Amino acid sequence: MDYKEIDGKWQKAWDDARLFEGEISDTKKPYMITVAFPYVNGPQHIGHLRTFGIADVLARYKRMRGYNVLFPMGFHATGTPILAFAKRIKNHDEDLIRDLKLFHIPDYDIEKMTDPLFIADYFVKEIENGMHKAGYSIDWRRKFVSIEPFFSKFVEWQFGLLNSKGYLVKGRHPVGWCPNENNAVGMHDTKRDVEPEIEKVVGVKFRVDGEDAYLMCTTYRPETISGVTNLFINKDLKHVSCKIDGKTYYMTKAASDILKYQMNVEQVADADGGALLAKTCINPMTGLQLPIFSAAFVEDSFGTGVVMSVPAHAPFDYAALEKLKEQGKALDIKPIKVIEIPDDSQSEFSKIRNMPGYLDIPSLVYIDMFKAKGGEDMLGQATKLQYKEESHHGRMTAKGYEGMSTAQARAKITADMVAAGNAMEMYVMANSPVYCRCGYAIVINVVDQWFLNYGDKGWKELAKKAYSEMTVLPEKSRKAFESAIDWIDLRAVARSQGLGTKFPLEPDKIIESLSDSTIYMSFYTVSAMLRAVPVDKLTAELFNYIFLGHGNMDDVSKSTGVDYAVLRRCKESFEYWYTNMSRHSGPDLIFNHLTMLIFNHATIFSHKYWPKQIVVNGSVLSEGEKMSKSLGNIVPLVDALDKYGADVMRTMVAAGAELFSDSEFSSDAAMGLDERFSYLYDIAQRTDDFEGGELRHIDYWLYSKLNRKIRDVTEQIEKLELRGVSTRVVYDSVLELKRYVNRSEPNGMVLKDYITSVVLMMAPTAPHIAEEIWHMLGNESFVSTEKWPTFDESMISDRIEAEEQLLDSIISDAKQLMAMMRKSGKDPKAITLIVAEEWKRQIGNALHKERNIKKVIDMVNGAKPEIDVPDREKAMKYIQQLAKKMNSISYSEPTQDEEFGLLTEAGQYLSESLGIDVTLEKESVSKSQRAQNSAPQRPAIDISM
RNA sequence: GCAGGGGUGGCAGAGCCUGGCCAAAUGCGACGGGCUUAGGACCCGCUUCCUUUAGUGGAUGCAAGAGUUCAAAUCUCUUCCCCUGCACCA
């Protein structure tokens, strides 16, 4: 098949007919589909086909269901990536240039890509071209780019609105920070692209006995505070005393240098580590006096450089104390156990705890466990396992928290301690040191920032309400959104660099590029009309009128100078289309864009304009691997479309996997699809070669399969379970047709009916081939706007399908038998099939129903027999045989005569398939010894030699 | 660590919600055979083990273990393992 020619032909025909241009209608219900617009910093590869392709399948399906469908598209260019792209070109970045060449981008264009606007413009065109070639049913009149001035006006309006609602707040937030360059660093700004992992920990204050000063220890395990027996410092490090919020603390100098980014730390004086060892502290939970020792494992710049020691629950602490004891120090320190692991838990701990020698010191158990195993970092591994098992199975024994789970106690103790002023929350970098590209180690800075306050309670409630009314596909991603809505809190909205809209409250900043695109979908409803309006006329008043219905047309027209007809059409367009919108994207956007979209819609638009559906889909693997530059398996979309055709690619990538999982591109699968499409195309061409005529068993079978298919596929496509749709429509249809054609001479009318419906069901995923076959079948209309087929429940017959299956099992049984005979040198001449008697069916059905042998025996052999049998002894034997496999007895619908009739009709098919004469007889008249082996839907087979 | 998703035959992947007709669809791959000058095309068979030289039988089996049930890939619990996300970044 010449896919390229077919694709081009129908794409042009659709364009000429302006088939996909959405206009509002009085009679048809709207259905608007929007996809997260593509970011224009690179060409499209086949991965893009997934989200956009699925959306297009839905658009095409809904169109066939009679909806007035609008599928618009725009382009995203705000933020820093395009600037970074231009910078890399300027620096002649070889990797990037090589990638671009892979996509056949000519040198003279690459040279111009030092200009960000050129880049954006270039890829807008590239992507639009690819989308056209993929056959998306997009209304292109509405496209816009997110850096166009008229869109910026819309974004400014939105932020003004959010500010007036009080959702823009100034706040403080921990970020990875380069002390050298003085700016925030994310993963992309670090050496080897390491994400700085910021963790919240608890800083516990231990008051120095007899002084108004404290030693503070950061800990992940506040539940063990009452088990603290002493503190550790490293006396060889440089220490200082410093003031934090009026209180004096001792810590290492390095720690205080780092901590000053996240709190008010003022260094007062140097402090001598050795002198600190002479002091003691008070445990804020138990009041115990704690000595201070020196230990080498204490790190200079992690936390405060002061560590609390819990020998019962921390292998490092236990080991350090043991070492001290060897030196004659810390002799009176005894581990204090505060967490107990029950004996019956499935922990490693409980397996060996009761061995002699463990004086109720959990950490010692873990240490010995790993000592026995040997290997590196014995204490580290012991710590890890103990932490894990105590977190999982542990129960508190500490005073005041007895019986609590470790997790509960951790939260409760933290809260109690903070409330009493004995602890504070602070941040540490879990994977420190992380280095900025400039070479400096990154610290944590708590910075002032403008935020969108998604933590606002009222707003959250509103978002939850909006979400609860939405359809989410696939259903199993629902929970992810629920936790995202709960979790999302302050979100920084301004950045110091990047393309985009200026932040109204701080005009030297740019609005962060996910924040500027939370409600842009609504802009599609008016973009084509507003493009003609001078930008300075796009005031807040105008947007308030169009999107919120504020004010009246005359006033707005007068004050903005915009023609009232334009205003009215914009308002009508928005109010029509935006009542029914489905939003599509990949799962990576759940925790940011999609959640923000829910929040912003909920607060900006009135209830009827909230999104009705969110669809999240997986991505695409290329030949079994994730697409990546290093593997070199990135396939440019346009190349693939040219090589395999749009429909093969659409079916494979968009419909090749379940919604949430990754689909896979492979040339094998492409060949497989090509074969099936070709088969459908060929057989459609031949429908007129066959006569009509009275319907036979096999015709009813095909109708049954077809109607079942329509029923199931309709149900699946509604849920966008496209893998099921494509296997049923493409793969299964070919299998069914092959069987139908093999079984006997096709009925031309039946064949055409079948193919017509299959083509209609193919239209959303494989629209070009569907159009081609549709017209080949003699239709003049576009299949793209035809009606989706309906099914007739009465044509779906389990029985007929089971009966056809019976033929298959007879054939395979007989083949097996003949093979066996030939193996032993015998030569089969003819086959007799012996159909089981009626009483066997009755017994089988009774057993199936009653599941009770005695009852059935009674029915045959009792005082008042309900089942009439010719020979009671035989019948008893038969019951016993069946009883053994009670669970697998199925109900037999066909009577002996019906089964006989079916086999008679299929006689020729059986003979041909087996290559041997097949005759039939009933059990009662058969003289064969094998006749008694016959069972309902399992005729006995007698082979004569 | 927290949150979400998952673990099915050589591979991919259905089935699980609504337990029984499930040794488990379908596709790919491997193997054997046919067709053919040839074949990456097409057709047939086979792809857990045992049994049977006239069949429909049996065992084991859907990460591991336990439970519920007449009956478990499917329901419940526990454990192990894998993937994704954890923010100012599109």
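The chains referred to below are lettered A, B, ... by the order of the sequence lines, with proteins before strands, and numbering in each begins at 1. The structure presented is a predicted model; accordingly, all values stated were derived computationally and were not measured.
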Original post:
What are the two closest heavy atoms between A:H76 and A:S146, and how far apart are they?
Top reply: CD2-OG, 3.3 Å
Pairs under 3.5 Å (N/O, protein and nucleotides 38-45 of chain B):
residue: B:C42; atom: OP1; partner: A:E675; partner atom: OE1; Å: 3.1
residue: B:C43; atom: OP1; partner: A:K738; partner atom: NZ; Å: 2.9

Subject >> Partner nucleotide of B:U52 by Watson-Crick or wobble geometry (both distances under 3.5 Å) >> reply: none
Original post:
Is there a donor-acceptor pair closer than 3.5 Å between any side-chain N or O of A:S517 and the backbone N or O of A:Y520?
Top reply: no
**OP:** List in chain and number order the residues that pass salt bridge (charged side-chain N to carboxylate O under 4.0 Å, His left out) with A:E923, two or more places apart in sequence or in another chain; answer none if no residue qualifies.
**Re:** A:K840
Subject >> A:K476 to A:F660, cation-pi by 6.0 Å centre distance and 45° axis angle >> reply: no
For residues 719-728 of chain A, tabulate all N or O donor-acceptor pairs below 3.5 Å that involve a side-chain atom, not counting sequence neighbours.
residue: A:R723; atom: NH1; partner: A:G656; partner atom: O; Å: 3.2
residue: A:S726; atom: OG; partner: A:A655; partner atom: O; Å: 3.0
residue: A:S726; atom: OG; partner: A:L722; partner atom: O; Å: 3.4
residue: A:S726; atom: OG; partner: A:R723; partner atom: O; Å: 3.2
residue: A:T727; atom: OG1; partner: A:R723; partner atom: O; Å: 3.0
residue: A:T727; atom: OG1; partner: A:G724; partner atom: O; Å: 3.1
residue: A:R728; atom: NH1; partner: A:Q716; partner atom: OE1; Å: 3.1

Original post:
Between A:I834 (CD1) and B:G55 (C1'), how many Å, whole number?
Top reply: 13 Å
Original post:
Are any of A:S513's side-chain N or O atoms less than 4.0 Å away from OP1 or OP2 of B:A90?
Top reply: yes
Original post:
With a non-hydrogen cut-off below 4.0 angstrom, is A:D486 in contact with a base, only sugar-phosphate, or nothing?
Top reply: nothing
Subject >> Aromatic A:F665 / basic A:R50 pairing, under 6.0 angstrom, 45° off normal >> reply: no
Subject >> Which residues share a salt bridge (charged side-chain N to carboxylate O under 4.0 Å, His left out) with A:E506, sequence neighbours left out >> reply: A:K509
**OP:** Name the closest nucleotide to the A:F591 side chain, picking from B:G5, B:G85, B:G55.
**Re:** B:G85
Original post:
What does B:G29 pair with, Watson-Crick or G-U, if both distances are under 3.5 Å?
Top reply: B:U47
**OP:** Quick one: label A:L589 by what it contacts on the DNA or RNA (base, sugar-phosphate, nothing), any heavy atom closer than 4.0 Å.
**Re:** nothing
Original post:
Who pairs with A:E658 by salt bridge (charged side-chain N to carboxylate O under 4.0 Å, His left out), at least two apart in sequence or on another chain?
Top reply: none
**OP:** Check every strand shown and say whether A:R676 touches a base, only sugar-phosphate, or nothing at a heavy-atom separation below 4.0 Å.
**Re:** sugar-phosphate
Restricting to nitrogen or oxygen on both sides, can you table the protein-nucleotides 8-17 of chain B pairs closer than 3.5 Å?
residue: B:A14; atom: OP1; partner: A:E658; partner atom: OE2; Å: 2.5

Subject >> Pair A:D489 + A:K460: basic N to acidic O under 4.0 Å >> reply: no
**OP:** Give none if B:C22 has no partner; otherwise give the nucleotide forming a Watson-Crick or G-U wobble pair with it, both distances under 3.5 Å.
**Re:** none
**OP:** Provide the Watson-Crick or G-U wobble partner of B:C86, both distances under 3.5 Å; none if there is no partner.
**Re:** B:G1
Original post:
Partner of B:C80 by Watson-Crick or G-U wobble geometry, both contacts under 3.5 Å, or none?
Top reply: B:G7
Original post:
Which residue lies toward the 5' end of RNA chain B, A:P939 or A:Y39, if each is placed at its nearest nucleotide?
Top reply: A:P939
**OP:** Scan A:D942 against the nucleic acid and name what it touches under 4.0 Å (heavy atoms): base, sugar-phosphate only, or nothing.
**Re:** base
Subject >> Upstream residue (5' side of RNA chain B) when A:I943 and A:D732 are each assigned their closest nucleotide >> reply: A:D732
